[in-house]
Structures are given as structure tokens and as C-alpha cells.
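Everything on this sheet refers to the single structure shown next.
Throughout, a chain's letter reflects where its sequence line sits, starting with A, and its residues are numbered from 1.
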Amino acid sequence: MALLETKGLTAFYGDFQALFGVDVSLSEGETVAVIGANGAGKTTLMRSISGVIAQAPGMVRFEGREIGATAADDIMAAGIAMVPEGRKLFPSLSVEENLLMGCHRRKVNGPWTLQSVYELFPILKERRDRPGTALSGGQQQMVSIGRALMSNPRVLLCDEISLGLAPVVIKDIYAAFPQIRATGASIVVVEQDIGQAMKVADRVYCMMEGRVTLSGAPADLSREEIHDAYFGTAA
Amino acid sequence: MIWIDTILQGILLGGLYALFALGLSLVFGIMRLVNLAHGDLIVFAAYLILVLVTLLGLGPFLAAAIAAPIMFALGFALQRLVLNRVLGTDILPPLLVTFGLSVLLQNALQEGFSADSRRIPAGWLETASVPLGPISLGVMPLMTFASAILVTLALQWLFYRTSLGRAFRATSDDPVTASLMGVKPASVFAKATGIAMIVVTIAALYLGTRANFDPTTGPARLIYAFEAVIIGGLGSLWGTLAGGIIIGVAQTVGAQINPEWQILAGHIAFLVVLLIRPRGLFPRAFD
Ligand SMILES: Nc1ncnc2c1ncn2[C@@H]1O[C@H](COP(=O)(O)OP(=O)(O)O)[C@@H](O)[C@H]1O
Ligand SMILES: [Mg+2]
């Protein structure tokens with residue numbers, strides 16, 4: 001049984017339909033990548049799972065329980081933590097306070113504590129008392145990932161963690177993923193960088209215009225297939 | 001010597017204005033809500049203390065200690081049941097609703113207590129004073145000022161040293177991301193308004209023991225509170241305390257020059273500070 005799955009998921013912004021019957025699933029311990037061009041609906045999918053966009057009941061299941069109509073704060077308490085697009089640090093909080101917000105509600109004993117997050121990203125320990133938003137983009141992304149880890153989540157959703165960062169910084173951040181995986185977390189990474197997604201993921205979903213156009217293990221997917229699914233066959 | 005006395009009295013008066021303002025500042029800082037019924041809630045709390053004093057024969061301080069949790073509960077319920085529903089990107093609905101609440105409170109108090117002005121009896125404390133060289137300072141004004149500092153310190157501690165305070169600041173920054181951290185903004189806001197109502201009760205204690213009040217006293221208190229919050233810089237608690245003191249000093253200095261100028265001098269000080277520092281004395285770094 002899948003740890004997390006969506007079935008026929010739809011999402012709307014007012015009258016505008018952003019998702020059209022999306023089916024994705026994530027198994028225990030798995031890392032799945034969601035790729036797709038700008039506006040494909042990746043962020044909308046993350047928001048729908050995390051409860052920021054309320055769903056009709058029946059479209060999202062987590063640990064076998066229906067969570068489509070559950071509030072965002074209760075979904076996080078159940079164990080789905082989000083690294084939101086744009087990092088979204090709290091500007092009036094220091095680095096350490098930002099991290100502590102991650103376990104404000106869900107306090108679960110597990111591998112992730114302030115200390116182990118500082119071991120994963122040592123630079124954050126040096127800057128723990130600075131305002132979170134005073135850090136460089138890459139360091140802010142580390143805070144955002146660390147903050148999500150602080151709740152020892154069962155599922156970690158990462159929305160475009162490489163967006164706007166230099167390649168060496170992206171490499172640094174993805175270097176942390178093996179350690180995160182090793183703690184048993186199941187991970188969804190949203191990426192526009194196909195190469196990066198293929199490297200980190202066990203399975204890939206490609207989205208276009210609110211639909212899943214392709215899915216499979218990186219090794220089983222050809223460049224042409226991915227190209228078509230990403231840009232559309234007309235391209 | 002007379003000027004030193006005037007300024008000292010003004011500083012102490014500023015403590016009272018700061019107490020009026022701190023609850024307003026707290027709520028505004030967290031949820032960008034301007035509560036137009038704030039002054040009326042202070043007057044309401046003053047009547048509540050008065051009732052406890054006259055009905056149960058309690059001292060005013062014990063009565064305020066009993067009124068505080070009642071006011072907390074009322075504030076919590078008010079936020080939960082009414083104000084949370086109108087909070088949003090549009091600032092007009094909360095203004096309308098709290099204006100309505102202000103009118104409602106005034107009318108209800110008028111019904112219940114008539115338009116006569118009242119005072120909370122504080123016994124010998126009312127006239128007690130401590131000599132300070134040639135100057136003498138009233139014990140009640142001194143206690144008011146000390147309370148304003150204690151309340152500022154306590155709120156400062158709550159904001160910056162507790163996990164509730166951290167959630168207050170995070171929710172104020174970004175309620176959606178805060179909810180991704182497991183915060184329920186509706187309940188955080190309700191706690192904040194409840195705490196503001198405890199501050200309101202403390203303000204009511206000193207308002208009611210130091211001067212007469214009647215059901216229509218609220219709006220004028222709201223204006224002083226409002227001015228103190230804005231002078232101080234929105235969302236800054238120490239700024240609010242400083243703002244209250246500036247208005248208090250301006251008023252006593254104005255009154256010393258010409259007794260008719262007391263209120264006007266406070267408003268002029270407000271305008272002057274705003275002209276020089278449009279964002280107040282201690283604005284937050286971001287907004
Ligand atoms: N808040 C919003 N209001 C209206 N439309 C939106 C909003 N957010 C996203 N959209 C639209 O929904 C579609 C999917 O957007 P999004 O999920 O952000 O895509 P992606 O993350 O893949 O770039 C786009 O067409 C976008 O314009
Ligand atoms: Mg996106």
C-alpha cells in the first residue's frame with residue numbers, strides 16, 4: 001500500500017482549473033521527483049497534498065487515511081512536512097527560531113534535532129542567531145529544509161529547492177539527501193532541473209498543463225519520452 | 001522646578017496611556033487588526049472591576065485579578081467567534097465590525113449602568129503620595145507607570161522567549177507558512193486577543209481608580225492609545241511605551257502653559273513625531 005497517494009486530484013484557483021485528475025503515489029522510503037515546466041501544476045499539487053488548498057474529500061490518502069479535507073496544520077501534525085517554493089522563512093525569526101518552528105506542533109522523537117540539523121548544515125550553526133532572511137539563498141534553503149526535518153516527518157515535500165541557486169550550491173544541498181533518505185523519510189522533490197531529478201529519484205512523474213504525462217523509473221525513460229512529456233509533442 | 005515636576009507627572013501619565021495602548025499594539029502587531037472597540041473594552045473592564053468591588057466588597061486589585069481571566073475568556077471568544085471571520089486582505093470588514101462592537105458596548109453599558117460617571121474606590125491609595133525633594137509623586141501614578149513597564153517587559157518576554165511568542169511572530173509574518181508548521185492561526189489569534197484583554201484589564205484598573213469614567217469614555221482612550229502605538233512604530237512594544245510617555249509629557253507641558261491646551265498638545269506632539277518619523281520611532285525592519 002502506498003504511504004501517500006492522490007486519486008483523480010483536481011484543484012482550482014477560482015474558476016481556473018490547475019489540476020485535472022492527477023494520480024501520484026509515494027511508497028515508504030521512496031524518493032519521487034515531480035518534473036515539469038513552469039505552470040505545469042507542480043506547486044499546486046504540493047499545496048493540495050499539504051492542505052494549503054482544501055480538497056474535496058477522497059482525493060488524497062496518507063497512511064490509508066483520507067486527508068483531502070484536513071486542515072494544513074493537522075496534515076503537518078500527521079507527518080507531512082513541506083519545504084515550500086521560495087523557501088518562505090519567517091523574516092522576524094532568527095535561523096534557530098525558524099528551525100524550532102518546524103517542531104512547534106509535531107514533537108516526535110527521531111533522528112532530527114537542532115543538533116543533527118546543525119551537523120547536516122554546519123554553516124547554520126554559525127549563523128543561528130542571525131535573521132533567517134539575512135542569509136544567502138542557498139543557506140536559506142538549508143534553513144527551510146532543516147525546519148521541515150525538525151518535525152521528523154514521514155513525508156518530506158520539497159518544492160523547487162534549486163530554484164534561483166548557483167549550480168555549486170545546488171550540489172551542496174542535494175549532497176544532504178542521501179543522509180535524509182538514510183533516516184527513512186519518504187521524499188517528494190519538485191524540480192525543473194531534469195538531470196538533478198533523475199539523479200535523486202527512484203521514480204519520476206512528469207507534469208504538463210495540470211496532468212501527469214509520464215511516469216516511471218529514470219532508467220526506463222528515454223530522452224525523447226521525457227522531452228515530449230515535458231514540452232508537449234507539438235514542441 | 002515646576003518644569004521638572006510637570007515632566008515627571010507627564011511621564012507617569014504616559015504610563016497610563018501606554019497601558020491603554022499596549023493591548024492595541026499587541027493585536028495590531030500580530031494580526032494587523034485595528035480594534036476600534038479597544039477603548040470601550042477598557043471601559044467595560046472598568047465596570048467589571050467596579051461590579052466586583054461593590055458587589056463582593058473586594059479591593060480593586062483583587063477585583064482586577066479576578067476580572068483578568070474573565071476578560072481573557074471574552075477576548076478569546078470574541079476573536080474566535082467574530083473577528084477571525086472578518087480578518088482577511090480587506091481591512092474594512094474588521095474596522096466595521098469593531099466599530100459596531102464599540103457602539104454596542106457603549107449602549108449596553110448605558111443600559112446597565114446609566115450615563116452617570118463612576119469611579120473605582122481605591123481607599124487611601126487615591127490620595128497617597130511620596131515626597132521626592134520638593135516634588136511629590138502620587139502613589140497611584142507611580143504604580144501605573146511601574147505596571148506599564150512590567151507589562152511591556154512581560155509582553156516582550158512572551159514575544160521573544162516563549163514558543164507561543166515565536167508562533168505569534170511567525171503567524172504575523174506569514175500565516176500560510178505558519179500553518180505548514182502546524183500552527184492554527186485562528187487559535188493563535190484568539191490567544192493574542194485574550195492576552196490583550198488581560199492588559200486591557202490592567203489599564204481599566206488604573207483608568208477607573210484615577211479618574212471618573214462613564215459608558216462613553218472609551219473612544220477618547222482609543223485615540224490616545226492609537227497615537228501612542230503609531231508614534232512608537234507599529235508592532236514595537238517598547239515603542240508603544242515611549243509613545244505613551246511622549247503624549248503624556250506633551251499633555252502636561254501643554255497644560256502647564258495653558259490648561260486648555262492639554263489635549264491639543266498631545267495631538268500636536270503626535271503630528272510632529274509623524275512628520276519627522278513617518279513610520280514611528282521604532283519601526284520594524286520589514287513590513
Ligand atoms: N494563486 C494562484 N491564482 C491563480 N492561478 C494560479 C495561482 N497559483 C498558480 N496558478 C496557476 O496554476 C497553474 C499551475 O501553477 P503552479 O502549480 O504554480 O505550477 P508550477 O509549480 O508547476 O510552476 C499555472 O497556470 C498558474 O498560473
Ligand atoms: Mg512551482
Side-chain angles (χ1 to χ4, degrees), chain A residues 43 46-47 49-54 70-108 129-134 140 143-144 146-153 155-159, chain B residues 25-32 80 84-85 87-90 155-192 232-240 279-280 282-287:
Chain A
T43 296
M46 294 303 109
R47 286 199 191 126
I49 292 171
S50 62
V52 173
I53 303 175
T70 308
D73 55 279
D74 293 327
I75 289 178
M76 117 62 68
I80 300 181
M82 171 102 116
V83 181
E85 188 176 52
R87 315 188 263 270
K88 298 283 163 62
L89 300 191
F90 300 108
S92 35
L93 271 54
S94 68
V95 166
E96 184 152 309
E97 288 178 321
N98 266 285
L99 293 175
L100 289 171
M101 278 309 294
C103 57
H104 177 77
R105 164 98 167 266
R106 181 176 154 91
K107 298 173 167 62
V108 174
D129 293 324
R130 314 242 339 241
T133 44
Q140 287 191 32
V143 178
S144 191
R147 184 176 66 177
L149 290 175
M150 287 292 288
S151 64
N152 286 297
V155 173
L156 181 68
L157 306 175
C158 302
D159 195 350
Chain B
S25 180
L26 175 79
V27 166
F28 185 86
I30 295 173
M31 61 193 102
R32 298 291 180 273
R80 204 65 212 240
N84 275 341
R85 290 172 201 271
L87 272 183
T89 45
D90 188 354
L155 291 180
Q156 199 74 15
W157 172 81
L158 174 76
F159 252 61
Y160 294 98
R161 292 280 175 271
T162 68
S163 91
L164 179 62
R166 202 190 301 131
F168 279 165
R169 285 179 289 139
T171 310
S172 149
D173 281 349
D174 180 349
V176 171
T177 305
S179 73
L180 288 173
M181 305 296 127
V183 172
K184 267 196 200 309
S187 120
V188 160
F189 290 163
K191 283 178 196 158
L234 295 173
S236 161
L237 295 165
W238 288 113
T240 300
R279 299 185 61 214
F282 306 101
R284 286 207 286 203
F286 57 90
D287 244 324

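Judged by distance alone, with hydrogens and angles left aside, the side-chain atoms of Arg32(B) form a donor-acceptor pair with the main-chain N or O of Gly29(B) at under 3.5 Å. Using a distance-only test at 3.5 Å, with no hydrogens or angles considered, no donor-acceptor pair links the side chain of Asp73(A) to the main chain of Lys184(B).
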Evaluate Leu157(A) against Met82(A) for side chain to side chain contact (heavy atoms under 4.5 Å, CB included), listing each step before the verdict. CA-CA 5 Å; Leu157(A) 306 175; Met82(A) 171 102 116; 4.0 Å; yes
Under the side chain to side chain contact (heavy atoms under 4.5 Å, CB included) criterion, do Phe90(A) and Arg169(B) qualify, and how do the steps go? CA-CA 8 Å; Phe90(A) 300 108; Arg169(B) 285 179 289 139; over 6 Å; no
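Top candidate by heavy-atom pairs under 4.5 Å with chain A, chosen from Ala167(B), Pro185(B), Ser172(B), is Ala167(B). For the options Leu89(A), Thr133(A), Asp74(A), Leu100(A), heavy-atom pairs under 4.5 Å to chain B are most numerous at Leu100(A). With respect to chain B, the highest number of heavy-atom pairs below 4.5 Å among Met101(A), Arg147(A), Met150(A), Arg105(A) belongs to Met101(A).
Proximity to chain A is limited to the side chain of Val176(B), based on heavy atoms less than 4.5 angstrom apart. Of the atoms belonging to Ile75(A), not a single heavy atom falls under 4.5 Å from chain B. In this structure, no portion of Ala77(A) lies under 4.5 Å from any heavy atom of chain B.
A salt bridge is defined here as a Lys NZ or Arg NE, NH1 or NH2 lying under 4.0 Å from an Asp or Glu carboxylate O, and Asp173(B) with Lys88(A) fails to meet this definition.
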